[in-house]
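Bear in mind the structure is a predicted one, so any value in this text is a computation, not a measurement.
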Amino acid sequence: MRPEVREAEKDQKQQTEKTQGSVTQHSVKNPPTQEEEKPTQCPECGKNFSCKSDLSSHQRYHTGDKPYECPECGKRFSWRAHLNKHQKIHEKLHECLECGKSFSQKGSLISHQKTHTGERPHECPECGKRFSGSSALVIHLRIHTGERPYECLECGKKFTGKSALNMHRRSHTGEKPYECLECGKRFSQSSALIKHQRIEMGEKPFECLDCGKRLCHQGQLIEHQRIHTGERPYECLECGKKFTGRSALNTHLRIHTGEKLHECLACGKKFIGSSALTKHQRIHTGEKPYECLTCEKRFSQRKQLIEHQRVHTGEKPYECLECGKRFTQRAYLTGHERIHRGEKPFQCLECGKTFNQRPNLKRHRRIHTQEKPHECLECGSKFSQRTDLIRHEKIHVKEKFSTVCG
C-alpha cells in the first residue's frame, strides 16, 4: 500500500473513532435497521466497510476524486483532514529571526534554524555524511539500501522520498507553481526559483573556503567542495564510474540506457544532458561567450578557453609517462600515447588507411572529398590543410615586404 494511502486511512480511522461515541448513543435511541448493519464492500478491491459514508470516502483512492478545495491557493484534496493539514501552510505562525522565513510548524522552524547554525547532529553510519534533520538521514540511507518506496503511477519511476516524487509528477502535469515576481518566469521547484532569483540579482552567498569561488546555491557549494576533497559518493552500478553529484550520475546513466531527452529545435539533434544541448545550440546562434583577456579571441565553450589560455601561459599539464613529452590538452596526450602502443583506431572507409587521432583522419578524408575549408583572405586561394594555408600566406607577406623595400 502506498504511503499516502496509509496516511489517509489513518486520518479516516481517527475521524471514525472521534464520532464513534455519538454514534453509539444515537443507536441506543434508534436501533439500526438490517440494511445499515450489513457490511458494504468496495467493488474495486473487495474491502468491507460498516457504513456507506466510509465506503464513499475509501473509493476516492480509486477514483481520484478531490472534493475539498483550499480557498487560498485552489489546491484540491480527497479528504477534509488533508485539506485542514494543508491550510496550516498558509498560516505560517513560526518565523526565523535570522532570515525572516516563516513556517507553519515549529518542527520545520527548528530544522530550518540548523542551516544558520551549521548543526548536523544526524550521521549516516554507512558513509559518515551528516544531516540537520532525522528525516533527511532516513531518505539518504535509501541511497545505500537501494530502497525506493515512492512510485510514479504515470511512468513507474521510483524515488527515495515523497517530495522527490511530488516534484517528478510535475513533469507529467506541467505544473509550475513557483513564479518569479521580477520576470514572471515559472518553475516546478522552489529551489529552482531561488536559484533563478540569485542569478538575476547576481547574488552568490555561498563561498568555498578552499579556493574562494562563490556559488548561488548551497547544493552547488557542497558538490564543488568535492573537487578539493576528491569525494565521489555517487557510483554507476553499470560500470562503476563515480561522480561528485547526483545530476552528473543521472546524466551518465543515459549513456547506458541510450536515453536522449534534450532536443535541438533548430536541427532535431538529441542530447543526453541539457549542458550538451546548450553548447550545441551555440553552433546555430554563433554565440561565443568566453573571451581570452590576453588576445580577445572568443570561444563557445569554457573548456576551449582554458585550453587556449595555455598558449599564452606555456602551461602543459599533461605528461606522457613513456617519454616525458608534455601537452596542453588531454586529447593530445591520448593521441600521442597511441604512438607508443602502435594503436591506430581511426580508419578511413575510402582507402582503409588508419590513424592514431581523429583530427588526422578528418584531414585525410579531404583528399577523397576534395574539400578545401581554409581560404586565403588576400587572393581567395583555398586549401585542404591549415598548414598549407599558413605556408601560402607567407608568399603575400614577402610580396608586401619587397614592395615596401623597393
Side-chain angles (χ1 to χ4, degrees), residues 95-103 109 111-121 127-133 136 140 163-164 167 178-234 242-252 262 273-279 281-282 287-310 312-313 315 317 330:
E95 185 178 349
C96 174
L97 299 176
E98 286 287 331
C99 63
K101 195 173 181 181
S102 296
F103 300 87
L109 171 62
S111 296
H112 165 78
Q113 285 172 328
K114 288 170 185 171
T115 62
H116 298 298
T117 61
E119 184 186 358
R120 292 172 178 248
C127 65
K129 192 174 181 180
R130 303 187 72 89
F131 299 87
S132 56
H140 166 80
S163 59
M167 285 188 285
Y178 305 101
E179 183 180 0
C180 175
L181 299 176
E182 289 292 325
C183 65
K185 193 173 181 180
R186 301 186 72 91
F187 300 87
S188 59
Q189 299 178 32
S190 60
S191 58
L193 171 60
I194 293 166
K195 187 177 178 180
H196 163 79
Q197 288 171 329
R198 286 176 180 157
I199 292 168
E200 289 291 308
M201 295 184 291
E203 183 187 352
K204 293 184 178 181
F206 301 97
E207 184 180 357
C208 174
L209 298 177
D210 283 296
C211 66
K213 187 175 181 179
R214 300 188 72 89
L215 301 121
C216 61
H217 196 59
Q218 189 175 20
Q220 291 176 333
L221 174 61
I222 292 167
E223 192 170 320
H224 165 80
Q225 285 171 328
R226 291 176 185 142
I227 296 169
H228 303 296
T229 62
E231 184 191 2
R232 291 174 175 259
Y234 299 96
K242 293 184 176 183
F243 300 87
T244 56
R246 182 182 294 279
S247 60
L249 171 60
N250 290 338
T251 302
H252 165 80
H262 306 277
S274 59
S275 59
L277 172 60
T278 302
K279 290 173 187 174
Q281 284 172 328
R282 290 175 186 147
E287 183 190 2
K288 293 184 177 183
Y290 302 101
E291 183 181 356
C292 174
L293 299 176
T294 305
C295 65
E296 296 183 352
K297 192 174 181 180
R298 301 186 73 90
F299 300 88
S300 60
Q301 296 181 35
R302 182 178 174 82
K303 182 185 175 183
Q304 292 172 339
L305 171 61
I306 292 167
E307 289 172 349
H308 163 78
Q309 284 171 328
R310 291 175 187 145
H312 302 298
T313 61
E315 183 191 3
R330 186 183 294 277

To the nearest 0.5 Å, atom OG of S163 lies from atom CD of Q189 at 9.5 Å
The reported gap from CZ in R130 to NE2 in H140 (rounded to nearest 0.5 angstrom) is 12.0 Å
*Any side-chain heavy atom of P233 within less than 4.5 Å of one from K129?*
no
Rounded to the nearest 0.5 angstrom, the OG-CD distance for S275 and Q301 is 9.5 Å
Between A136 and F131 the two heavy atoms that sit nearest each other are CB-CD2, 4.0 Å
The reported gap from NE2 in H228 to CG in D210 (rounded to nearest 0.5 angstrom) is 4.5 Å
Hits for salt bridge (Lys or Arg N to Asp or Glu O under 4.0 Å) against E307, two or more places apart or cross-chain, chain-then-number order -> none
Apply the test side chain to side chain contact (heavy atoms under 4.5 Å, CB included) to residues Y234 and R226: give CA-CA distance (whole Å), side-chain angles for both, the deciding distance (0.1 Å), then the verdict.
-> CA-CA 11 Å; Y234 299 96; R226 291 176 185 142; 3.7 Å; yes
Pair T313, Q309: side-chain N/O donor-acceptor within cut-off below 3.5 Å: no
Heavy atoms of Q225 and C208 approach each other most closely as CG-SG, 4.4 Å
Check: Which is it for E291 and E296 under the side chain to side chain contact (heavy atoms under 4.5 Å, CB included) test, yes or no, and what are the steps along the way?
Finding: CA-CA 6 Å; E291 183 181 356; E296 296 183 352; 3.6 Å; yes
SG of C292 to CD1 of I306, rounded to nearest 0.5 Å, is 12.0 Å
Closest non-hydrogen atoms of K297 and H308, given as atom of the first, atom of the second and distance, are CD-CE1, 4.1 Å
In terms of heavy-atom contacts, C295 and H312 come closest through SG-NE2, 3.5 Å
Here the gap from S274 atom OG to K279 atom NZ, rounded to the nearest 0.5 Å, amounts to 10.0 Å
Salt bridge (Lys or Arg N to Asp or Glu O under 4.0 Å) filter on R302, not counting sequence neighbours, yields none
The salt bridge (Lys or Arg N to Asp or Glu O under 4.0 Å) partners of R232 (sequence neighbours excluded) come to none
For I222 and R120, the nearest pair of non-hydrogen atoms, with its separation, is CD1-NH2, 4.4 Å
Closest non-hydrogen contact found for E231 with T244 is O-CG2, 3.6 Å
